Amino acid sequence: MPYRSFAVLALLLPLLAACTSTYRPTSQEMNQALQEITGTDGRACRRTRDISGYAPLNDTTVSVSDKFRGHSLMVTSFRCPAMETGMGAAFAGAFTEFCGRRDAMFSGGDRCPVQSIFVFENRDAAFEAYDQAIELIEKRRDAEES
């Protein structure tokens, strides 16, 4: 029985994927939108040892949690598809901190320089800002196409 459920799910996933937007924001679009939403320049730093987990949100943005329930969104300098498919990542900071415009992540054998880091009090605030950024980017793109 579990095999049938998996087979049905495997058939439905491509259909669901077709319903979602295929547009992926560029690093510059995401960085600019998050700057506007947060009112910060994205030049925050995180202590490398405080990073406790991460998850790619797309090929330019990574959600990073820390040991103290804080949260960050890191935007790479350019698209980094290995983040979405790699099995892990290393955060290579110069000293004890990991900073935007200076340091890089390594994933799937690729070096992904980090352009900016936006710090939030918690995961919910970070994801709300990410959703707002995507919405802002899509509005701008639609306005340009009109």
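This is a predicted model, so every value here is computed, not measured.
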Q: Answer whether the closest heavy-atom distance between the side chains of L34 and L73 falls below 4.5 Å.
A: yes

Q: If we only count heavy atoms from C-beta on, is the N122 to R69 side-chain gap below 4.5 Å?
A: no

Q: Got a second to check how far E97's CD is from R102's CZ, nearest 0.5 Å?
A: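 Here the rounded value is 6.5 Å.
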
Q: Could you measure the distance from the CZ atom of F118 to the CZ atom of R43? Nearest 0.5 Å is fine.
A: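 One gets 11.0 Å once the value is rounded to the nearest 0.5 Å.
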
Q: Mind checking the OG1-CD spacing from T61 to Q115? Nearest 0.5 Å is all I need.
A: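 Answer for the OG1-CD pair, T61 versus Q115, is 10.0 Å.
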
Q: Without swapping roles, check the side chain of N31 against the backbone of S27 for a donor-acceptor pair under 3.5 Å.
A: no

Q: When you measure from the side chain of T38 to the backbone of T40, do you find a donor-acceptor pair of N or O atoms at a distance under 3.5 Å?
A: yes

Q: According to a hydrophobic-cluster definition based on side-chain heavy atoms being under 4.5 Å apart (Ile, Leu, Val, Met, Phe, Trp, Tyr only), do I37 and Y130 belong together?
A: no

Q: Any donor-acceptor pair under 3.5 Å linking the side chain of Q35 with the backbone of D41?
A: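 Looks like yes, one N/O pair under 3.5 Å.
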
Q: How about R49: does its CZ atom have over 12 heavy atoms from other parts shown lying under 6.0 Å from it?
A: no

Q: For E121, what residues pass the salt bridge (charged side-chain N to carboxylate O under 4.0 Å, His left out) criterion, not counting sequence neighbours?
A: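 Scan of E121 (salt bridge (charged side-chain N to carboxylate O under 4.0 Å, His left out), adjacent residues dropped) gives none.
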
Q: Please tell me if the side chains of P113 and T76 come closer than 4.5 Å, counting only heavy atoms from C-beta onward.
A: no

Q: Step through the shown structure and confirm whether more than 12 heavy atoms of other residues, nucleotides or ligands are within 6.0 Å of CD on Q28.
A: yes

Q: Could you check whether any side-chain heavy atom of V114 comes within less than 4.5 Å of a side-chain heavy atom of S77, counting everything from C-beta outward?
A: no

Q: Test M30 against I134 for side chain to side chain contact (heavy atoms under 4.5 Å, CB included), laying out the working first.
A: CA-CA 8 Å; M30 183 57 71; I134 293 294; 3.5 Å; yes

Q: Can you tell me how far the CZ atom of F78 sits from the CG atom of D110, to the nearest 0.5 Å?
A: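 F78 CZ to D110 CG: 8.0 Å, rounded to 0.5 Å.
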
Q: Can you confirm whether I51 sits close enough to D66 that some side-chain heavy atom of one is under 4.5 Å from a side-chain heavy atom of the other?
A: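 Not touching, per the 4.5 Å side-chain cut-off.
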
Q: I want to check something: taking the side chain as every heavy atom from C-beta on, are S116 and M74 in contact at a cut-off of under 4.5 Å?
A: no

Q: Is a donor on one side and an acceptor on the other found under 3.5 Å between the side chain of E29 and the backbone of T26?
A: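 Yes, because the side chain of E29 sits within donor-acceptor range (under 3.5 Å) of the backbone of T26.
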
Q: Any ion pair linking R140 and E36 (charged N to carboxylate O, less than 4.0 Å)?
A: yes

Q: Who are the salt bridge (charged side-chain N to carboxylate O under 4.0 Å, His left out) partners of K67, not counting sequence neighbours?
A: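 Partners of K67 under the salt bridge (charged side-chain N to carboxylate O under 4.0 Å, His left out) test: none.
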
Q: Got a second to check how far I137's CD1 is from Q132's CD, nearest 0.5 Å?
A: 12.0 Å

Q: Supply the atom-to-atom distance S65 OG to R46 CZ, rounded to the nearest 0.5 angstrom.
A: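 CZ of R46 is found 9.5 Å from OG of S65.
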
Q: Determine which pairs satisfy salt bridge (charged side-chain N to carboxylate O under 4.0 Å, His left out) with at least one residue from residues 72-81, sequence neighbours left out, and list them in order.
A: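 Matches after skipping sequence neighbours: D59-R79.
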
Q: State plainly whether the residues E135 and K139 are in salt-bridge range, i.e. N to O under 4.0 Å.
A: yes

Q: Given side chain to side chain contact (heavy atoms under 4.5 Å, CB included), test F98 with M105 step by step and report yes or no.
A: CA-CA 9 Å; F98 187 87; M105 294 181 348; 3.9 Å; yes

Q: Taking I117's backbone N and O only, do any of them form a donor-acceptor pair with S72's side chain (distance below 3.5 Å, no angle check)?
A: no

